[in-house]
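The next block holds one structure in the form of structure tokens; read it before the comments.
All values derive from a computational prediction rather than experimental measurement. If you read the sequence from its start, that first residue is 1, and numbering goes on from there.
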Amino acid sequence: MLFHTNDLKHRTVTFQGKQLLILYLESMSDTERIEKEILFPIVHEKEGDVQDVVTDAHVEKQEDLRTAVDKLVQGQAVIILEGDTVCYVVDTRTSHNRGIEEPDNERVVRGAHNGFIENLTVNLYQLRARIENRHLVVRYYTVGKETKTKIAIIYMENLANPDLIQEVDKRIRSISTDTILNPGFIQEFMEDDPWSPFPQSLNTERPDRAMAHLMEGRVVLLSEGDPTALIMPVTLFAFYQSPDDFHTRWWVGTFVRMIRFASFLLAFQLPAIYIAVVSFHAEVLPVDLVYTIKASLDKVPYPPILEAFLMELALELIREAGIRLPSPVGQTIGIVGGLVMGDAVVRAGLVSYTMVIVVALTAISSFVVPSNEMSTSIRFLRFPLMIAASMFGFVGIVFGTMAVLIHLTKLTSFGTPYFAPAAPMRLKDMKDTILRMPIWKMNQRPHDPHPQRKKQEDDSSRRWKKDDQGKQ
């Protein structure tokens with residue numbers, strides 16, 4: 001069985017005049033509970049049925065030895081009585097959880113400041129505490145033949161499309177790998193187009209964000225040991241929404257959301273536009289600006305595309321170093337890399353001042369996106385666009401952008417169009433995309449997850465207004 005591992009502990013006592021063996025893994029089990037709920041009553045009672053003597057509520061008879069071993073590995077204690085054909089499994093798992101904190105990469109100004117943690121049960125509690133509804137369904141799966149990772153899908157039975165649930169179930173059951181380390185593994189096994197640079201399910205560590213998508217008829221996937229939830233299906237516009245949008249006035253939310261979409265265009269196209277202008281289309285610039293840029297470029301000995309690649313590579317190196325190093329050192333690296341090195345490479349004539357401005361503005365724009373995965377995709381996509389701009393100027397940018405748009409319109413997430421409601425166009429669903437209309441105007445759920453009930457608000461939410469007008 002597991003006699004090769006040193007953390008396997010065993011206790012032998014006499015019960016019913018026979019030898020009784022208690023097995024457990026010291027690293028996974030709560031030894032105090034074993035002493036209090038198993039050993040103490042058995043030693044004192046000495047007679048009776050094991051299930052009645054053990055005070056723990058979760059005692060299970062088990063006839064299959066392999067299943068008992070699996071339970072043992074999960075942290076449960078196994079009781080074997082001499083001459084008995086069954087064993088008893090008692091849930092004595094221990095847990096070491098960190099506190100519930102706000103996720104570092106999804107902070108908000110207003111609203112809830114708690115996030116998911118690595119314990120699946122705690123995460124499910126956070127969702128159930130927000131949605132006290134009997135239609136909230138949790139279904140468990142075990143994936144990974146060796147790691148046996150426990151995952152759960154959550155959905156609203158009266159809202160989520162049964163075809164969507166069936167599709168998610170089918171894709172999870174088809175996973176046959178040995179190892180599942182995190183939701184990123186599951187994401188790649190399940191997504192429609194694994195070759196696409198765009199993420200096709202939304203990652204979040206915020207329970208309120210997961211709850212909002214559940215109430216739109218989507219499915220949430222959580223896994224044991226990871227604080228990240230996967231939401232499916234999603235559209236491109238979901239990556240640019242933030243809980244903060246709904247804690248401000250609707251027009252402020254709309255303004256901020258428009259800035260995010262403008263940042264998408266800047267992060268994707270600005271370096272390419274700069275390369276195209278200085279290489280092919282200087283006539284589009286005002287005359288005074290042409291002289292300024294030309295004076296800056298005269299000191300650089302290579303073409304703008306190499307200059308751009310050098311700066312982008314330096315930026316990615318600084319970013320990666322900042323993430324891997326401890327926080328105080330990471331901030332220092334950012335200051336040294338961004339300010340000192342930036343100034344030094346310009347003075348050395350390796351890069352122009354204008355390129356430093358373009359790359360800095362591009363970097364800031366890419367970090368405005370609320371989703372880290374989408375931010376990474378945009379940073380990746382601007383490299384081929386820069387190459388196209390250096391070869392064909394504005395024509396290359398137009399063809400590169402068209403290729404991305406065509407890909408977005410063809411892409412699907414669990415069968416629903418990724419670019420909806422822009423393509424196919426549904427004006428009714430545009431109320432919560434680039435715009436953030438007043439909440440009482442969004443009385444219909446989005447069409448893309450095909451929810452069972454479209455209507456989410458009665459016509460009477462602002463009835464008091466009509467009543468007041470009637471009295472006047």
Side-chain angles (χ1 to χ4, degrees), residues 105-111 197-200 202-204 206 208-209 212-213 216 218 231 233-274 357-382 385 394 397-398 400-402 404-409 411 413 416-449 456:
N105 53 357
E106 288 184 273
R107 291 187 178 276
V108 295
V109 178
R110 291 180 59 191
F198 292 97
Q200 292 144 56
L202 178 65
N203 290 351
T204 184
R206 295 193 62 86
D208 53 350
R209 202 175 187 188
H213 286 282
E216 290 181 350
R218 302 181 204 277
I231 297 169
V234 289
T235 65
L236 176 73
F237 299 98
F239 293 91
Y240 288 85
Q241 297 171 350
S242 167
D244 261 339
D245 298 348
F246 300 94
H247 291 293
T248 58
R249 305 291 298 163
W250 68 268
W251 47 269
V252 175
T254 300
F255 173 71
V256 174
R257 204 174 277 184
M258 284 182 170
I259 288 178
R260 292 194 200 114
F261 280 99
S263 73
F264 169 81
L265 295 176
L266 282 175
F268 178 44
Q269 293 188 330
L270 186 61
I273 291 174
Y274 174 77
I357 296 169
V358 168
V359 171
L361 190 57
T362 306
I364 293 170
S365 300
S366 66
F367 293 130
V368 171
V369 185
S371 165
N372 183 54
E373 274 207 315
M374 182 58 74
S375 170
T376 309
S377 299
I378 297 168
R379 290 206 310 275
F380 167 75
L381 282 173
R382 66 171 173 249
L385 198 67
F394 283 160
I397 295 175
V398 170
T401 306
M402 285 178 62
V404 172
L405 286 174
I406 291 170
H407 174 69
L408 284 174
T409 53
L411 192 61
S413 170
T416 63
Y418 192 69
F419 210 32
M425 175 65 78
R426 283 185 62 86
L427 286 176
K428 285 184 178 178
D429 288 353
M430 295 296 284
K431 294 176 181 175
D432 191 23
T433 50
I434 299 175
L435 304 175
R436 203 287 267 172
M437 296 297 284
I439 292 173
W440 51 273
K441 282 283 187 185
M442 292 187 277
N443 53 1
Q444 299 278 330
R445 290 187 172 84
H447 179 76
D448 60 275
Q456 64 177 354

Stepwise, does the side chain to side chain contact (heavy atoms under 4.5 Å, CB included) test hold for Met258 with Leu435?
CA-CA 7 Å; Met258 284 182 170; Leu435 304 175; 3.7 Å; yes
All heavy atoms of Pro417 vs all of Ala423, minimum pair found to be CB-O, 3.9 Å
Is any side-chain heavy atom of Asp244 closer than 4.5 Å to one of Arg107?
no
Has Ser413 got a side-chain atom pairing as donor or acceptor with Gln200's backbone, closer than 3.5 angstrom?
yes
Please give me the minimum heavy-atom distance between Arg257 and Arg436, naming the atom from each residue.
NH2-CG, 3.6 Å
Which word best sums up how the rings of Phe237 and Phe419 line up, parallel for under 30°, tilted for 30 to 60°, or perpendicular for over 60°?
parallel
Evaluate side chain to side chain contact (heavy atoms under 4.5 Å, CB included) for Leu202 paired with Arg209, printing each intermediate quantity in order.
CA-CA 10 Å; Leu202 178 65; Arg209 202 175 187 188; 4.1 Å; yes
Take atom CZ of Phe255 as the centre, draw a 6.0 Å sphere, and report whether it contains more than 12 heavy atoms from other residues, nucleotides or ligands.
no
Any donor and acceptor pair, going by atom type alone, linking the side chain of Ser366 with main-chain N or O of Ser375 inside 3.5 Å?
no
Show, in sequence, the C-alpha distance, side-chain angles and deciding distance for Ile378 and Val369, and conclude whether the side chain to side chain contact (heavy atoms under 4.5 Å, CB included) test is met.
CA-CA 10 Å; Ile378 297 168; Val369 185; 4.0 Å; yes
Quick one: does Arg382's side chain have a donor or acceptor within less than 3.5 Å of a partner on Ala272's backbone?
no
Decide yes or no for Tyr418 and Pro199: does some side-chain heavy atom of the first lie under 4.5 Å from some side-chain heavy atom of the second?
yes
Does Phe261 reach the side chain of Thr433, with side-chain heavy atoms less than 4.5 Å apart?
no
Could Lys441 and Asp432 be called an ion pair, given the rule that one side-chain N must be under 4.0 Å from one carboxylate O?
no
Side chain to side chain contact (heavy atoms under 4.5 Å, CB included) between Asp245 and Arg260: does it pass, once the steps are laid out?
CA-CA 11 Å; Asp245 298 348; Arg260 292 194 200 114; 2.9 Å; yes
About how many Å separate CG of Asn105 and CZ of Arg206, when rounded to the nearest 0.5 Å?
10.5 Å
Residue pair Thr416 / Pro233: nearest heavy atoms and the distance that separates them
OG1-CB, 3.3 Å
